[in-house]
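What follows is a short report on a single structure.
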There are 2 protein chains.
Amino acid sequence: MSNTIKKAFEIVQLIEKNQGKYTLTDIVKILGINKTTAFRNLKTLEELNILEKINNLYYLGISLFEMGSKVYIKQIVIEKIHPILRELSEDVNETVNLAKIHNGMVLYLDKIESKRSLQIQSSIGDTLPLYCTSLGKSILSILPEDEMREIIKNINFERTTNKTISNPKKLIEQINEIKLKGYSIDDEEFEEGLVCISVPLYLKHHNFYGSFSLSGPSIRFDQATLLELSKKLKKYKNIIIEKLKH
Amino acid sequence: MSNTIKKAFEIVQLIEKNQGKYTLTDIVKILGINKTTAFRNLKTLEELNILEKINNLYYLGISLFEMGSKVYIKQIVIEKIHPILRELSEDVNETVNLAKIHNGMVLYLDKIESKRSLQIQSSIGDTLPLYCTSLGKSILSILPEDEMREIIKNINFERTTNKTISNPKKLIEQINEIKLKGYSIDDEEFEEGLVCISVPLYLKHHNFYGSFSLSGPSIRFDQATLLELSKKLKKYKNIIIEKLKH
DNA sequence: GCTCATGGTTTCACTATATGAAACTTCGTT
DNA sequence: AACGAAGTTTCATATAGTGAAACCATGAGC
């Protein structure tokens with residue numbers, strides 16, 4: 001049903017993956033669709049400012065920015081939480097990330113970069129696997145048991161570092177630990193030299209299953225520091241829950 | 001051409017205007033389309049997470065947030081400018097807004113609220129007329145002459161306060177003044193009690209015609225203060241231009 | 001607890017509408 | 001100037017979206 005919309009969306013998704021990389025012909029080849037169809041759909045999408053064409057290369061268009069700014073979670077949840085996360089970031093002088101679960105993945109919602117942060121590893125709007133980020137593990141720990149197991153069942157474990165969790169058993173073990181401790185750690189499990197610590201964030205009224213984290217280089221994030229940070233995270237978590245109660 | 005996409009977009013635009021207000025039947029009535037068509041398109045849009053249905057009411061979906069976060073202007077321009085605007089906001093302790101021109105309107109791109117700001121008058125992603133905001137007038141002052149005149153020709157002047165500019169002649173007068181002074185003021189021209197001051201921002205390399213502003217209650221924004229703020233704005237403008245030079 | 005009304009959902013025949021092969025244009029390169 | 005590669009337009013065709021009508025679910029009123 002309504003294949004045309006889906007086809008158009010497929011094109012937009014392709015452009016989302018690689019902005020400024022693809023030309024009409026590329027798109028036709030990659031998606032295996034007819035040239036004329038692609039041409040017309042691209043034209044329409046351009047007219048609607050959903051895509052933008054510069055030198056025959058396609059980019060996401062400004063309509064998406066406009067509409068994206070008005071999504072409930074952005075206007076209500078993120079905007080309200082943002083100033084609190086900003087305080088946290090200034091308090092500990094580290095980079096803060098906010099995320100929620102979406103389609104069995106971690107979706108990055110907000111980010112406050114500390115002045116001393118170097119690497120840019122994630123951008124708002126990115127999605128990453130649940131099992132290799134502290135954010136994801138935190139979220140898993142607050143999901144209803146059966147939902148959590150269903151999601152884990154469908155995970156395809158892929159290593160990105162030699163510390164990456166590589167099987168469901170180990171993941172579930174860690175999740176049980178997180179449930180007790182109230183926070184999760186990613187100790188270079190996704191990227192060498194990068195350590196993150198997260199606390200889960202459940203906002204009942206907004207049907208929000210998410211988490212937020214502090215991240216930085218492993219040199220700075222030793223055991224003692226992590227314990228300190230976990231306390232800070234929990235403190236700000238309570239502030240957020242209080243603010244978004246109704 | 002590709003009417004299906006346009007029809008779908010029309011629906012999304014309607015939802016954008018009033019999230020959580022419309023049901024299938026409402027949409028059918030408002031847009032004057034067939035019920036079955038609307039039903040199917042809504043279903044598809046829902047499947048793609050472009051729309052979300054809660055209790056038969058439609059909201060913008062999370063796909064729009066994801067894609068919106070990756071629009072060039074957001075990832076490159078806004079993210080880079082944001083920390084500078086944050087400094088400005090903290091420096092003067094007032095609310096900062098960033099905007100660009102889009103379809104002859106002011107499009108709000110970013111906002112840093114000061115702790116003492118009360119009213120929320122604009123949200124990121126909103127569009128407002130050019131002639132009744134300081135942001136818009138600043139932008140008009142840096143557009144190529146013919147483009148500026150073309151845009152002004154198409155403006156439908158509508159008063160929202162008794163100070164609103166109500167004819168092209170007065171607007172062009174003010175624009176010429178702004179060109180000399182290097183900043184523009186909105187003295188309760190859009191909303192009673194609200195004063196804004198903006199400087200234009202042209203980023204050649206990014207083909208960016210925009211501006212940023214400070215805004216607050218008229219009590220606080222007297223003549224002397226405005227002069228001070230204009231100097232601050234110009235200072236930060238230069239910092240931004242320097243940072244986004246290449 | 002039955003009836004009615006309202007709004008959401010499904011069916012199915014129809015034709016309007018999107019499709020795609022081929023022709024054509026544009027532009028940059030040799 | 002000729003060639004090739006990429007974008008654009010044409011037009012016949014049939015697929016895929018359309019919409020009237022029937023159907024179902026829910027909730028209000030009696």
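Because the structure is predicted, anything quoted here is derived from the model rather than measured. In what follows, every heavy atom counts, from backbone to side chain, and hydrogens, waters and symmetry copies are set aside. Order of the sequence lines fixes the chain letters, A, B, ..., with proteins taken first and strands second; residue numbering starts at 1 for each chain.
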Name each donor-acceptor pair under 3.5 Å that joins a side chain in residues 148-155 of chain B to protein atoms two or more places apart or in another chain, with its distance.
from     : atom 1 : to       : atom 2 : distance (Å)
B:Arg149 : NE     : B:Glu145 : OE2    : 3.0
B:Arg149 : NH2    : B:Glu145 : OE2    : 3.1
B:Glu150 : OE1    : B:Lys153 : NZ     : 3.4
B:Asn154 : ND2    : B:Glu150 : O      : 3.1

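- As rounded to whole Å, 13 Å separates atom P of C:dG7 from atom CD1 of B:Ile27.
- B:Lys43 has a side-chain polar atom (N or O) that falls below the 4.0 Å cut-off from OP1 or OP2 of C:dT10.
- Between B:Leu109 and the options B:Lys100, B:Lys74, B:His82, a side chain to side chain contact (heavy atoms under 4.5 Å, CB included) holds for only B:Lys100.
- For the pair B:Asn3 CG and C:dT17 P, the computed distance is 7 Å after rounding to whole Å.
- Distance CG/B:Asp26 to CG/B:Leu24: 8.5 Å, rounded to 0.5 Å.
- Rounded to whole Å, atom P of C:dT9 lies 14 Å from atom CG of B:Asn41.
- Pairing each heavy atom of A:Ala8 with each of A:Leu45, the nearest pair is O-CD1, 4.0 Å.
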I'd like a table of donor-acceptor pairs (distance under 3.5 Å, sequence neighbours excluded) in which one partner is a side-chain atom from residues 49-64 of chain B, with atom names and distances.
from    : atom 1 : to      : atom 2 : distance (Å)
B:Ser63 : OG     : B:Leu48 : O      : 2.7
B:Ser63 : OG     : B:Asn49 : O      : 3.3

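- Around atom NZ of B:Lys21, no more than 12 heavy atoms belonging to other residues, nucleotides or ligands sit under 6.0 Å away.
- Distance OH (B:Tyr22) to P (C:dG7): 15 Å, rounded to an integer number of Å.
- If you measure from atom CD1 of A:Ile5 to atom P of C:dA18, you get 11 Å, rounded to the nearest angstrom.
- If you check residues 50-59 of chain B against DNA chain D, you find no residue with a heavy atom closer than 4.0 Å.
- Checked against ring pair (Phe, Tyr, Trp, His ring centres under 6.0 Å), B:Tyr183 has no partners two or more places apart in sequence or in another chain.
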Between protein and nucleotides 19-24 of chain D, what N or O pairs are separated by less than 3.5 Å?
from   : atom 1 : to      : atom 2 : distance (Å)
D:dG19 : OP2    : B:Thr37 : OG1    : 3.0
D:dA20 : N6     : B:Thr36 : OG1    : 2.7

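- Residue A:Thr25 has no polar side-chain atom (N or O) positioned under 4.0 Å from OP1 or OP2 of D:dA5.
- A straight line from CD1 of B:Ile11 to P of D:dG17 spans 14 Å, rounded to a whole angstrom.
- For the 3.5 Å distance criterion, the side chains of A:Lys70 and A:Gln75 fail to qualify, holding no donor opposite an acceptor.
- Not one side-chain nitrogen or oxygen of A:Thr4 sits closer than 4.0 Å to the OP1 or OP2 atom of D:dA16.
- Counting only residues at least two apart or in different chains, side-chain hydrogen bond (donor to acceptor under 3.5 Å, both in side chains) contacts with residues 198-212 of chain B comprise B:Ser134-B:Ser198.
- Rounded to a whole Å, the CG atom of A:Leu42 is 13 Å from the P atom of D:dT9.
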